[in-house]
Amino acid sequence: AVTPVTTVELDPTNADWPVPRDPTAGPRTWTPTRASGFSRDARGAAWAAATITARLDPYMGPAVFTPALAQTTGQSAAVAPLLNGAYLDGAAKAGSDTSSGGPVVDENMKMLAFAGWATTGDCRQRCAVALAVDDDGARWVQTAPMVWSHGDWKLYLAKPDRILDPRIP
């Protein structure tokens, strides 16, 4: 087993890093529930980190976060019930229908935007991707440990509880 790189330093106030928009970085496959086929380099790891973490948001619903869990490694089995519980709680608070497993419809929900990235590690086998996230005018950093496995990047989940609030240290 490969031990992932889990930390990277990134100043979240620096607004000058564009999120990579290189078509060679991937994903080569993009569906409503899954993005895969990322390049085996820093740009591919950054795109994989951004798409996988976005799809693991409980508000996306089990129709999206369940396939995204297949793109993780580590404590993946412990994360599934946390995501489902947060999804059901959020849907109940918003009065959203959960019968389809689709996204929670909440008019008060904020949209987060990835503003930039940095990596540490060789990004051929494992690296940490720091994603700068814009959150309603504030910027914070989410670190995504990535591991190359079976021809694509996987998000390494070391602490299941961090999935619900990635700002928890």
*Step by step, would you call Arg34 with Thr29 a side chain to side chain contact (heavy atoms under 4.5 Å, CB included)?*
CA-CA 8 Å; Arg34 191 173 179 130; Thr29 301; over 6 Å; no

*If we only count heavy atoms from C-beta on, is the Val129 to Thr143 side-chain gap below 4.5 Å?*
no

*asked:* Between Lys154 and Ala70 (side chain of the first, backbone of the second, donor and acceptor by atom type, cut-off under 3.5 Å), is there such a pair?
replied: yes

*So Gln71 and Arg55, side chain to side chain donor-acceptor pair (under 3.5 Å) or not? Walk me through it.*
CA-CA 10 Å; Gln71 293 177 277; Arg55 290 164 187 258; 5.9 Å; no

*Can you tell me how far the OH atom of Tyr156 sits from the CZ atom of Arg126, to the nearest 0.5 Å?*
11.5 Å

*Start with the C-alpha distance between Cys127 and Trp153, add both sets of side-chain angles, then the distance that settles side chain to side chain contact (heavy atoms under 4.5 Å, CB included), and finish with yes or no.*
CA-CA 10 Å; Cys127 63; Trp153 288 108; 4.2 Å; yes

*Without swapping roles, check the side chain of Arg28 against the backbone of Ser36 for a donor-acceptor pair under 3.5 Å.*
no

_Heavy-atom closest contact (Thr51 atom, Trp30 atom, distance)_ = CG2-CZ3, 3.7 Å

_Steps toward side chain to side chain contact (heavy atoms under 4.5 Å, CB included) verdict (Tyr87, Thr98)_ = CA-CA 9 Å; Tyr87 169 71; Thr98 60; 3.7 Å; yes

_hydrophobic_cluster_shared for Trp148 and Met146, side chain cutoff 4.5 Å_ = yes

_For the student: nearest non-hydrogen atoms of Ile52 and Ala68, plus distance_ = CG2-O, 4.3 Å

_Pairwise side-chain contact, Phe65 with Asn84, heavy-atom cut-off 4.5 Å (strictly under)_ = yes

*Does Phe38 share a hydrophobic cluster with Leu157, counting links as ILVMFWY side-chain heavy atoms below 4.5 Å and allowing steps through other members?*
yes

_Atom of Ala25, atom of Trp47 and distance for their closest heavy-atom approach_ = CB-CD1, 3.8 Å

*asked:* Please give me the minimum heavy-atom distance between Ala144 and Leu155, naming the atom from each residue.
replied: CB-CD1, 3.7 Å

_side chain to side chain contact (heavy atoms under 4.5 Å, CB included) partner of Leu83, the single match among Asp57, Thr66, Leu88, Leu56_ = Leu56

*Does the Asp89 side chain pair with the main chain of Ala92, one donor and one acceptor, at a distance under 3.5 Å?*
no

*How about Leu69 and Val79: do any of their side-chain heavy atoms sit closer than 4.5 Å?*
yes

*Kindly give the heavy-atom pair with the smallest separation between Pro67 and Pro62, and that separation in Å.*
CD-O, 3.7 Å

*If you look at every heavy atom in Thr24 and Ser39, which pair is closest and at what distance?*
O-CB, 3.4 Å

